[in-house]
Every structure is written in structure tokens, then in C-alpha cells.
Amino acid sequence: MELKNDRLLKALMGQPVDMTPVWMMRQAGRYLPEYRQTRKQAGDFMALCQNPELACEVTLQPLRRYAFDAAILFSDILTIPDAMGLGLYFAEGEGPKFRKVIRSVADVEALPAVQVQDSLSYVTDAVSLIVRELNASVPLIGFSGSPWTLATYMIEGGGSKDFRRSKQFLYDHPEAMHLLLTRLAQAVTDYLNAQIKAGVQAVQIFDTWGGILSTPAYHEFSLHYMQQIVAGLQRQQGGDTVPVILFTKNGGQWLDSLASTGCDALGLDWTVDIGSARQQVGTKVALQGNMDPAILYASPVAIEAEVKRILSSFGSGSGHVFNLGHGITPEVDPDHVSVFVDAVHEFSAQYHR
């Protein structure tokens, strides 16, 4: 498909661009009043995710306000555990919860295989609809959670401060944990391939909780399975390459290992110096990030100064996709997002001459 704006895809592949592309994790979300209105219309978060028309609407909302270089599919990383029968729901003010949890080897063995075309067709239907509505204006990014991150929610029953149950399960029942992660890796591979087939032009794997692990545990229980997924993806669609971005939050100490997975780009959180990361990985992968989301609460002058600093740290040439170091938070002033996006475009052109 010939895109009117293919800046993102070019940057992910390390090809020359006229300016640094920018998108934002959670760009379709609660900081926008129009999103809150659509969610109210849907009834609740899961109803919004499972309605392709409304999921399409909230995916497109930020693009009507801002000059983002990509759309990202509106969905949730926990759709796969939900499709495995764990009963995902969202408690008001508490985040995601599961009605059933994994606490034993038997619980893992009892999990059904995910039939993406049946239980997750609402996601692929949304992708097809969004691609049609985007009308080749910008690329659509698809995504999934990493197997380790999904496993933590399945074992904890929701979010956690210390991940005690997940780590206990990992160390007491490593074989069962590997079985769980193997099943999740297969489901994620099938899920992302279904999104690619439906029309997404890039994919990101969110390893939100990989950074809580020790280095040996990270390589064995998180990175290994992301590498399996990357190897199993259909990277060519209609003659075009579909780039793959890996994002491990708090994973800055493992950049070399991440860059060797076969992915095309690494997402960086804000604790990493992007200039040092570029020196470390060279041209092996593109880099995405990595402004602290909290800077969006600061003044427009402060936001522009930080954008300039990050662009300067990365330096000249392609291979940089500007993003936050994690998702935007709900209380940010939408006008500050305009300042951020416009600053990236305005101040990055000089690095691409």
C-alpha cells in the first residue's frame, strides 16, 4: 500500500526521512475528552475494545487533533488471557482484573489454545476498519503484550507492586512457567500475524514488566519468548516489510541482547540516554523514544527544551522514532501534546539534511 506519509516505516527500517516521525504510546486514551465520551457511550472499557466501530473511532481521534506519523490500534494487551477464559474486567480506578487466575501447574495445563479467528475477531475486524478509514494517510501499528508480561497479570490476577506470586511461580515451578510462556508465545505470534494479515503495517511487543526480572531470569523467561515471536512473524505483507518494535520497560541494561533478537527497533524508556544507546547498538536497530511522559505536565517551553535535548542526543541521520518513554497519563493537558508533536517536527528537520 502506498502511504501518503511513510516516515515512521522508513525510520524503523533506518531509511532517510525528512524529519523525525512521532507517535505516542496510549495516544488514543483518557487524556482526550472525546475518548472519555466514546467510552461512556460504549458502557465500559471492554465493551469499547470489543466494538470494532468504536475502537476505530478512538484510534482515529488523536489524528484529528495532532500531526502524528502513525495510528496505533486501540485495544488492550490482555485480550489474549481473556481469550484463554480468564475473564478480564476493569474495576473503576483499579485497572485490569481477572476472574480466574493461574496458581498451579494444573491451571496452566488446563488453558485452552487461543483461536484468534474466533475469540479475537473483534480486533482484526477493528484493524480492517481502521485501515480503510485511514485511507493510506499514515501507517497503523498493531501490538501485543509480551508472554512474560501477560503471564504476570494471569498469575497475580491484575497489576502488582512486587510481583511476588509471579516470581514465586517462576522459581518454584520453572517448567510450568515455561509451558505457560510457550503457549502465550504461540498465541501472541498467531495474534500479531492475524493483525498483519488484516492490514497493520508495523507491530510492537510491550514487555511492560520484563524489567522487574534479574538478568538471567529476563533472558530465560522474557527475551527468549520475544525472540521466538519475532522469528514466527510474517514480516512481508503485499511486498512491504512489516517492522517489529520491542519495548522492555526498565530494560536499558539489555540493549545488546534485545538488538540481537531480529527485531527492527527498540523502544526505550526515559531512564536510558538515547545517544549512548545509539552508540551501543549502532545501525543494528532503530531506536524509539524516549521522553519522560511527566514532562507533558510541564510548561510548553520546558516541553520544547526536552524535545530539543533528546533530538540532539540522538544526533543526525535516520533510525529514530520519537515517542514517550511510556504511555501518556490521563491528566495531561491535550494542548501540551500539540506542543510536543509540533516541536518534534519543527526541531528535527535540521538532523535530516
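Of all heavy-atom pairs spanning P21 and H320, the tightest one is CD-O, 3.5 Å. Taking each heavy atom of P243 and D264 in turn, the nearest pair found is CA-OD2, 3.2 Å. Closest approach of L78 and P96 over heavy atoms only: CD1-CB, 3.5 Å. Across all their heavy atoms, I72 and T59 have their closest contact at O-CG2, 3.4 Å. Considering all non-hydrogen atoms of both residues, V127 and G199 come closest at CG1-N, 3.9 Å. Heavy-atom minimum distance, S318 versus A11: OG-CA, 3.7 Å.
Both V58 and L60 are members of a single hydrophobic cluster when ILVMFWY side chains are connected at heavy-atom separations under 4.5 Å.
A heavy-atom distance below 4.5 Å is not found between the side chains of N5 and F68. At a threshold of 4.5 Å between non-hydrogen side-chain atoms, the residues T271 and D292 do not count as touching. Counting heavy atoms from C-beta outward, I229 and P147 have side chains that approach closer than 4.5 Å. Side-chain atoms of T241 and Q236, non-hydrogen and from C-beta on, do get closer than 4.5 Å to each other. With contacts defined as side-chain heavy-atom distances shorter than 4.5 Å, the pair K308/L311 does not qualify. In this structure, L287 and L268 have side chains that are in contact, with non-hydrogen atoms separated by less than 4.5 Å. Within the 4.5 Å cutoff, no side-chain heavy atoms of V17 are placed close to those of L8. Side-chain atoms of F247 and Q288, non-hydrogen and from C-beta on, never get closer than 4.5 Å to each other.
Between the side chain of S348 and the backbone N or O of T20 there is at least one donor-acceptor pair closer than 3.5 Å. Side chain of Q168 to main chain of R165: no donor-acceptor pair is present (N/O by atom type, distance under 3.5 Å, no hydrogens or angles). Looking only at distances, a side-chain donor or acceptor of D107 sits under 3.5 Å from a matching main-chain atom of R103. Judged by distance alone, the side chain of D76 and the main-chain N or O of T79 form no donor-acceptor pair under 3.5 Å. Counting only distance, with no hydrogens or angles, the side chain of R183 and the backbone of P112 share no donor-acceptor pair below 3.5 Å. Side chain of D125 to main chain of P52: no donor-acceptor pair is present (N/O by atom type, distance under 3.5 Å, no hydrogens or angles). A side-chain donor-acceptor contact under 3.5 Å links S128 to the backbone of T124.
When each of V230, V200, V203 is paired with L192, the side-chain contact (heavy atoms from CB on, under 4.5 Å) condition holds for V203 and for no other. When each of M291, E331, E306 is paired with L296, the side-chain contact (heavy atoms from CB on, under 4.5 Å) condition holds for M291 and for no other.
Put simply, CG on N290 and CZ on F314 are 11.0 Å apart, with the number rounded to the nearest 0.5 Å. Here CG of D190 is found 11.5 Å from CD of Q195. Values are rounded to the nearest 0.5 Å. Rounding to the nearest 0.5 Å gives a distance of 9.5 Å between CE of M154 and CD1 of I80. Note: D335 CG to R65 CZ = 7.5 Å, rounded to the nearest 0.5 Å. Considering NZ of K284 and CG of L255, their distance stands at 11.0 Å, rounded to 0.5 Å. In this structure, CG on L3 lies 6.0 Å from CG on L9, to the nearest 0.5 angstrom.
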In a table with atom names and distances, give each donor-acceptor pair under 3.5 Å that connects a side chain of residues 131-145 to protein atoms at least two apart or in another chain.
from, atom 1, to, atom 2, distance (Å)
S137, OG, L134, O, 2.7

Show me the side-chain donor-acceptor pairs of residues 208-216 shorter than 3.5 Å, one per line, residues at least two apart or across chains.
from, atom 1, to, atom 2, distance (Å)
W209, NE1, Y153, OH, 3.2
S214, OG, A217, N, 3.3
T215, OG1, W254, NE1, 3.0

Below 3.5 Å, can you tabulate the donor-acceptor pairs from side chains in residues 114-123 to any protein atom, sequence neighbours excluded?
from, atom 1, to, atom 2, distance (Å)
S119, OG, Q115, O, 3.1
S121, OG, D118, O, 3.3

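A search for side chain to side chain contact (heavy atoms under 4.5 Å, CB included) contacts involving N193 returns T189, I196, L233, Q234, not counting sequence neighbours. By the ring-ring contact (aromatic ring centres under 6.0 Å, His included) test, F347 pairs with no residue at all, sequence neighbours left out. Judged as a ring-ring contact (aromatic ring centres under 6.0 Å, His included), and not counting sequence neighbours, Y31 has no contacts. S146 is linked by a side chain to side chain donor-acceptor pair (under 3.5 Å) to T149, D207, counting only residues two or more places apart in sequence or in another chain. Residues satisfying the ring-ring contact (aromatic ring centres under 6.0 Å, His included) test with Y351, not counting sequence neighbours, are none. Applying the side chain to side chain donor-acceptor pair (under 3.5 Å) criterion to Q253, with sequence neighbours excluded, gives no partner residue. Scanning for side chain to side chain contact (heavy atoms under 4.5 Å, CB included) contacts around S160 gives E156, D162, F163, with sequence neighbours left out.
Taking 4.0 Å as the cut-off between side-chain N and carboxylate O, R7 and D69 count as a salt-bridged pair.
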May I have the step-by-step check of side chain to side chain contact (heavy atoms under 4.5 Å, CB included) for E220 and W148, ending in yes or no?
CA-CA 10 Å; E220 183 178 349; W148 166 253; over 6 Å; no
Step-by-step ring-ring contact (aromatic ring centres under 6.0 Å, His included) determination, F340 to Y66
CA-CA 10 Å; F340 164 60; Y66 313 112; 9.4 Å; no
Walk me through it: do S257 and H219 pass the test side chain to side chain donor-acceptor pair (under 3.5 Å)?
CA-CA 8 Å; S257 300; H219 282 81; 2.8 Å; yes
Might you work through the side chain to side chain contact (heavy atoms under 4.5 Å, CB included) test for Q61 and F74, ending with a clear yes or no?
CA-CA 11 Å; Q61 282 172 352; F74 178 79; over 6 Å; no
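Atom CZ of R30 has 12 or fewer neighbouring heavy atoms from other residues, nucleotides or ligands inside a 6.0 Å radius. Counted within 6.0 Å of CD on Q37, heavy atoms from surrounding residues, nucleotides or ligands total 12 or fewer; the atom is thus considered open. Within 6.0 Å of NZ in K167 there are more than 12 heavy atoms belonging to other residues, nucleotides or ligands. Residue K40 qualifies as open at atom NZ: its count of foreign heavy atoms under 6.0 Å is 12 or below.
The ring-ring contact (aromatic ring centres under 6.0 Å, His included) pairs that include a residue from residues 79-120 are F45-F90, where partners are two or more places apart or lie in different chains. Listed by first and then second residue, the ring-ring contact (aromatic ring centres under 6.0 Å, His included) pairs involving residues 262-308 amount to none (not counting sequence neighbours).
Residues D256 and Q280 bring a donor and an acceptor atom of their side chains to less than 3.5 Å of each other. S316 and H352 share no donor-acceptor pair across their side chains, judged by distance under 3.5 Å alone.
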